[in-house]
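Everything on this sheet refers to the single structure shown next.
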Amino acid sequence: VVIILLMLIPVIVELAAMRGILALTSFTAGLLGCSGEKRLLDEIGSLYGYLEGIAAISAAVFIIAMAVFASTAAAVSG
């Protein structure tokens, strides 16, 4: 479980940082009056939010699958 979380944390941090950068550039595009580019950057930022959720859910499902496997007879009997 710890290894999975250690693998997940850098991915989540990178996606969150990229999402923050996209929000900042979207804000800048709004200040400059580039509405089309602002909308595009907002949509890309929302996609990064979905990717964060997918990464977290995938890690949770993997942890649950490992727990189920560890409790089966095949894992216990060796």
Side-chain angles (χ1 to χ4, degrees):
V1 174
V2 174
I3 294 172
I4 295 168
L5 291 177
L6 287 175
M7 289 173 31
L8 177 67
I9 289 172
V11 172
I12 295 294
V13 168
E14 182 179 353
L15 288 172
M18 196 61 190
R19 190 173 175 196
I21 291 170
L22 285 169
L24 181 65
T25 55
S26 172
F27 175 73
T28 305
L31 286 177
L32 296 174
C34 304
S35 62
E37 288 80 3
K38 180 185 181 330
R39 234 184 8 225
L40 176 66
L41 291 168
D42 285 337
E43 292 298 322
I44 294 172
S46 69
L47 287 176
Y48 273 91
Y50 290 130
L51 286 174
E52 289 176 27
I54 290 170
I57 289 172
S58 296
V61 167
F62 187 73
I63 290 170
I64 292 169
M66 293 303 291
V68 168
F69 175 73
S71 65
T72 62
V76 174
S77 65

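The model shown is predicted, which means the values in this text are computed figures rather than measured ones.
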| Co-members of the apolar cluster containing Val2 [side chain, <4.5 Å] | Leu6
| Inter-residue atom distance Leu32.CG - Glu37.CD, 0.5 Å rounding | 9.5 Å
| Under the side-chain contact (heavy atoms from CB on, under 4.5 Å) test, residues paired with Val13 that sit two or more places apart | Ile9
| request: Mind checking side-chain contact (heavy atoms from CB on, under 4.5 Å) for Val61 and listing every partner two or more places apart, or none if nothing turns up? | output: Ile57
| Hydrophobic cluster partners of Ile3 (side-chain heavy atoms under 4.5 Å) | Met7
| query | Among all residues two or more places apart in sequence or in another chain, which pass the side-chain contact (heavy atoms from CB on, under 4.5 Å) test with Ala56? | reply | none
| said: Who clusters with Leu40? Use side-chain heavy atoms, under 4.5 angstrom, across I, L, V, M, F, W and Y, and order the result by chain and number. | reply: Val11, Leu15, Met18, Leu22, Leu41, Ile44, Tyr48, Leu51
| said: Check for me, please, whether Ile21 and Leu24 land in the same ILVMFWY cluster - side-chain distances under 4.5 Å, paths through other members count. | reply: no
| message | Could you report the tightest heavy-atom contact between Leu8 and Ala55, atom names first, then the distance? | response | CD1-O, 3.5 Å
| task | Using the side-chain hydrogen bond (donor to acceptor under 3.5 Å, both in side chains) rule, collect all pairs that involve residues 11-35, keeping only residues at least two apart or in two chains. | result | Ser26-Asp42
| request: Spell out, yes or no, whether Leu5 and Met66 are grouped together once hydrophobic residues are joined by side-chain heavy atoms under 4.5 Å, including indirect joins. | output: yes
| field | Whichever hydrophobic residues join Leu47 through chains of side-chain contacts under 4.5 Å | value | Tyr50
| task | Using the test side-chain contact (heavy atoms from CB on, under 4.5 Å), find all partners of Phe27 that sit at least two apart in sequence or belong to another chain. | result | Leu31
